[in-house]
Structures are given as C-alpha cells and as structure tokens.
Amino acid sequence: MTTIRLHDTRSGELRELRPRDGGKVGIYACGPTVYARIHVGNARPFVVYSLLKRYLEHEGLDVTLVINITDINDKIYVAAESLGVASADLAAQMTAHYQADTEALGLGRPDAEPLASATIATIVALIADLIDSGNAYAVAGDVYFRVRSDADYGSLSCRPIDEMNQGEDDELSPVGASLKEDPLDFALWKAHKKGEDTVWDAPWGRGRPGWHIECSAMAEQFLGVGFEIHGGGNDLVFPHHENEAAQTRMARGAELAQIWMHNGMLQVPSNGAKMRGATDQAKMAKSVGNVAALHEVVDAFGRDALIMLFVGAHYRQPMAFDVERMKEARARVARVRDAARGLVDGESPAQMRPLRDAFFAALAEDFNTAAALGALFEWINERHKPRAEPVGRADLVEMLSVLGLQNLAGDAGEPGPEEQELLERRQAARAGRDYDEADRLRGELRVRGWEVRDGPDGPELVRVEP
RNA sequence: GGCGCCGUGGCGGAGUGGCUACGCAGCGGCCUGCAAAGCCGUUUACUCCGGUUCGAGUCCGGACGGCGCCUCCA
C-alpha cells in the first residue's frame, strides 16, 4: 500500500498513517458552533477533511468521518436571547443552515454529525469516570478537570504548563471567588445559571457540559480511543484540543488520536492589502467582523471555484481570501472544464501516466493538494499537445474525483432547439457577411449560457456560466 | 512578553541541496471576419546579513517583517 504521511501537531513532524484495524481509518474533525450561519473560513476544515476522506478511500482505506456540531454554548445563549428565541430553536435553525450550506459544496455528508445535545449521557459518563479516577472534582454544581494531574498536559500544543491560562469560566465564576483549585483547571460541567434555557441532570447537579468534553465523548463514541486522525483549525490547538487530549488520556489511559492535523486560517486583507508584508490583514473570524458567508460565496462564484480555491494551497498554510482570489479560482475551473471537453471514454495515454502518478504522490506526502493540482495542470498541458490518438479521460476523472471536482469532466448537456436555431441564423448571417448580426446572435447565445467557438470543423456551442 | 508557523517572479502558490512547479493577470505572435478556446514567446523569482558545501530558495546562525495561538474562534 502507498505510504501516506501526515503532519502531526504534537510531534511537529510528518507521521505515517497506520490504521489500527485493517484498512479502517477514523477521522474526527471539530465542526461549528451553531449560533449563526457559517463563513468561508469555517468551510475550510469541512472541505479539507471531506477531501482527505476521498483520497484515503481512493487508496483503498475504509474511512469514517465524524464532524460534530456544537449546539450548547454560551454564544448560542447570548445570540438567542438577543433574538428573543429559545436557544434550542436557534441552534436547530442554524444547524439546518449549516447542513444546507455545506451540502451546497457537493462533497456529501460526514458519516456522522453528532450533536452535543444528543450526546449528554456519554458526556456525563465520561465526566463521572474522570471524577472517579481523581482527575476531576465537583464543586458547587460545576465539575473541573484537574490539569496538573496530567503529566503530559501541554504535549499537544507544545507549550510549558506554567505559561498557560484557561481563561474560560474565570469571568463567569462568582466575583472574587473562583471555584477552581487551580487557575489552569477547566470546566467539564457548568452548573445551571439564570438565563440559560437548556439544562440536563447529572449526578453532581443540573447544568450543561463544558466546551471541551463533548468532543472527547463524541469522538470516543463514534471512533473509539486511539483512532487515526483528529483534525480542526489551528486556532483550536490550545486550549480546545489540548484539553480534549488530556481528558481522554486521564480517563482512558490512552491517547485519543494518533495524528492531530490542523488546517490554516483564511486571511482577509482589507483595503486591498497584499498577503505578504501587509499589516492590515487578519484571520477571518466573526469576532473580527470580516466574514464572508459561505452561502453567499457559493452563490456568487459557484462551489467549483471555492473548492478550487481551497485545493490551490496546502491545507496547513494560511490562505488569502478575497474577490480576486475567487475570480482566479473560477478561471482555473474554466481551464479544467475546457481541457475535459473532447476527451473520449477510456484509458489515458501511457505517456501521461507519470503526471497522474505525481498527482497522487503529492497527496501521499501530507495531503499536498497544491502540488497535486500542479501535476493535474501539467497533465492538462500534455493533453493539449497535438497527438494522433484521442485522449482518454480516465486519469483526469480519477484526479478530479479525489478533489471533488469530477463534475468538471462531466457532460454539460446538449444545446436545445432554440440555441440550435440561433446558431444556424448566425451561420447564415456570417455567410452573408452580416457580422453585426452574427455577433448579436453570438451575444444572445452567451446570455443563454452557450459560448460559440468557431473551429476548423465549423462552430461549436460550449456550455459556460451565464 | 512566551510558544509555533512563515517571508518565492505583477498576483496567488508548490518546492525532497544541483535540471521549466503550476495557475491567474498583462504584453507580443499563430489561428480567426472578429472573438473564444488552444498553442508559441514573454527581458528568469526566491526579505537581508553571515556560515556550511564543489554547489543553497532548500541546511545552520543572526536581523528585519508577517501570521496564528497564549481569551470565544475552523
């Protein structure tokens, strides 16, 4: 089997993917908190891990992808209150939006999309185990994780324990009286507070789960302890993933995941600032207010262009996002689509095989979609060279399928009778040297989504974006 | 301030010490009634300063700059 290596945050190195059980691979990626519609930045991990799954399946592995949905959270309470709706209703509404918005990416659904609110029993049981083993303590209805009981705490984010600060909860605790034994400790369970309209029973009191415990619980429930790949944005390394790892380590005596993958952030330059050397750019984040909603971007540029944008850079790198980048991605899509026209069914020429192989070799080395895309475009350049035999589409379809862009090599459909008639009228006009009329008819066809291309064998109608 | 990542041609963006990444845009040309698509060409880039090496964008040290995390965040 192909050796597949992925960058592991904890070791800081590429690690070979070694499935525990035969060819089975579990991937858990942290999904959104549903208090508003998601932005393009939130879509990056969804795309990265969905495509990683496709690639691993291409390599013959049996992949289970789990992307959770956080539907219990302070932000949801706050947003719901300001809207005057029940927090559970807001979360349900935004969950539906999230699923529709990501569905529009056309990459399918994860194998499981667990909700925190539907995993309470598992969460409570995990917390109970942590209390029983002395790694957590209940106080006044809250439950805290005893960070210093984990000798390996900090090993994921690679930072010394004494320079860390959990922050969360400190401000929410009663004034001047933190309930924690140690400021490093973080909440596993939060006692019910006024204004919170969702609450669950637990042995230590009514309340709700803390931020980090849900992922430990859901990942274990769906994939077991010690699964292959845990992913998410690199802004989650600390404290979220550090805490997740610590919880499972202390409760189970084993590491939650083998490889911790983290994708880079989208960067949004303001005022046309350039990516490099600019001072006025920032990560796309709701708190910064520089977000572009996923559904708006997909509506404006199409899912093909957005996926092309994402695969155009290595997943770990920060990625520039703005209108110009989207236009460029759209142009790349057009080049691929054009290259796919005129291909015939069947195998591709043997001389082009090395480029197809280079594509997959790039993916095997830390899922380098940017390098792979380079090989794909080299394949396209080769495809355009004059050759005696028609070119089979097998290689191209195989590569595009892994990128979720196989539709670019699909059949665009046939022009209808009206378009055919317009084309014939244009031909008649051209024959009569009435080029103004011919150009007018060409423009009419363009508006209908068909581009006229005059070739040696006469005009051809090509499907394009209207 | 601490930890981590990064600094490549007009722009985006790969890059395992030695041979054209790739894409987009612009310009010139071929083709064309004009276009589109495609093809050819486009004065050859690696922040700066040292070091290692026969040879460094690619390794080491330093400087400067950027980004992320350290607080909710994909």
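Only a predicted model underlies this, so the values are computations on that prediction, with no experimental measurement involved. Here is the naming used below: chain letters follow the sequence lines, and residue numbers restart at 1 for every chain.
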Please round to the nearest 0.5 Å and tell me the distance separating atom [atom1] of [X] and atom [atom2] of [Y].
X: A:Ser50; Y: A:Leu107; atom1: OG; atom2: CG; value: 5.5 Å
X: A:His384; Y: A:Arg335; atom1: NE2; atom2: CZ; value: 4.5 Å
X: A:Glu398; Y: A:Leu396; atom1: CD; atom2: CG; value: 10.5 Å
X: A:Ile72; Y: A:Lys190; atom1: CD1; atom2: NZ; value: 11.0 Å
X: A:Ile27; Y: A:Leu52; atom1: CD1; atom2: CG; value: 4.5 Å
X: A:Glu444; Y: A:Trp450; atom1: CD; atom2: CH2; value: 15.5 Å

[atom1] atom, [N] versus [M]: distance in rounded Å?
N: B:C48; M: B:G28; atom1: P; answer: 32 Å
N: B:U47; M: B:A14; atom1: P; answer: 15 Å
N: B:G62; M: B:C3; atom1: P; answer: 13 Å
N: B:U58; M: B:C6; atom1: C1'; answer: 15 Å
N: B:G61; M: B:C54; atom1: C1'; answer: 22 Å
N: B:C70; M: B:A63; atom1: C1'; answer: 25 Å
N: B:U32; M: B:G23; atom1: C1'; answer: 26 Å
N: B:G33; M: B:G9; atom1: C1'; answer: 38 Å

[options]: which one has an atom nearest the side-chain heavy atoms of [X]?
X: A:Asn42; options: B:C6, B:A74, B:C34; answer: B:A74
X: A:Ala320; options: B:G12, B:C69, B:A35; answer: B:G12
X: A:Arg453; options: B:C67, B:A37, B:G33; answer: B:A37

_Residues within residues 426-434 of chain A bordering RNA chain B, heavy-atom distance below 4.0 Å_ = A:Arg426, A:Arg430

*Residues in contact with RNA chain B, drawn from residues 292-299 of chain A - heavy-atom cutoff 4.0 Å*: none

Mind checking [X] for me? I need base, sugar-phosphate or nothing, with any heavy atom below 4.0 Å counting as a touch.
X: A:Leu266; result: base
X: A:Ala370; result: base
X: A:Val48; result: nothing
X: A:Gly12; result: nothing
X: A:Gly312; result: sugar-phosphate
X: A:Asn234; result: sugar-phosphate

List every contact pair, protein side and nucleotides 22-26 of chain B side both N or O, where the distance is under 3.5 Å.
unit_1	atom_1	unit_2	atom_2	d
B:G23	OP1	A:Asn381	OD1	3.2
B:G23	OP1	A:Asn381	ND2	3.1
B:G23	N2	A:Glu328	OE1	3.2
B:G23	N2	A:Glu328	OE2	3.0
B:G23	N3	A:Glu328	OE2	3.3

Between [atom2] on [N] and [atom1] on [X], what's the gap in Å once rounded to a whole number?
X: A:Met265; N: B:C72; atom1: CE; atom2: C1'; result: 13 Å
X: A:Asp457; N: B:U32; atom1: CG; atom2: C1'; result: 14 Å
X: A:His262; N: B:C6; atom1: NE2; atom2: C1'; result: 18 Å
X: A:His384; N: B:C30; atom1: NE2; atom2: P; result: 21 Å
X: A:Ile69; N: B:A74; atom1: CD1; atom2: P; result: 13 Å
X: A:Leu105; N: B:A74; atom1: CG; atom2: C1'; result: 14 Å
X: A:Gln317; N: B:A74; atom1: CD; atom2: C1'; result: 16 Å
X: A:Phe360; N: B:A14; atom1: CZ; atom2: P; result: 20 Å

*Can a donor-acceptor pair under 3.5 Å be found between the side-chain atoms of A:Arg442 and the base atoms of B:A35?*
yes

_Within the supplied structure, the quantity of interest is the number of heavy atoms (other residues, nucleotides, ligands) at a distance under 6.0 Å from A:Glu81 CD; does it exceed 12?_
no

*Nearest heavy-atom pair of A:Tyr98 and A:Glu113: which atoms, and what distance?*
CE2-OE1, 3.9 Å

*Using both pair distances under 3.5 Å as the test, note the stems of at least 3 consecutive Watson-Crick or G-U pairs that include RNA chain B.*
B:1-7 with B:64-70, B:10-12 with B:22-24, B:26-30 with B:38-42, B:47-51 with B:59-63

*In sequence, state the C-alpha distance, the side-chain angles, and the governing distance for A:Gln93 and A:Val85, and then conclude on side-chain contact (heavy atoms from CB on, under 4.5 Å).*
CA-CA 11 Å; A:Gln93 182 192 347; A:Val85 300; 6.0 Å; no

*Test side-chain hydrogen bond (donor to acceptor under 3.5 Å, both in side chains) on A:Ser117 and A:Arg208 and set out the steps.*
CA-CA 9 Å; A:Ser117 65; A:Arg208 59 176 174 111; over 6 Å; no

*For A:Phe301, enumerate each residue passing the ring-ring contact (aromatic ring centres under 6.0 Å, His included) test, keeping only those at least two apart in sequence or located in another chain.*
none

*Matching residue for A:Asp366 among A:His314, A:His7, A:Arg15 - test: side-chain hydrogen bond (donor to acceptor under 3.5 Å, both in side chains)*: A:His314

Distance alone, cut at 3.5 Å: any donor-acceptor contact between the side chains of [X] and [Y]?
X: A:Thr64; Y: A:Asp111; answer: no
X: A:Glu214; Y: A:Thr119; answer: no
X: A:Asp8; Y: A:Ser11; answer: yes

*Mind checking what makes side chain to side chain contact (heavy atoms under 4.5 Å, CB included) contact with A:Arg5, not counting sequence neighbours?*
A:Thr3, A:Leu14, A:Glu365

*5' precedence on RNA chain B between A:Asn368 and A:Gly232 (nearest-nucleotide basis)*: A:Asn368

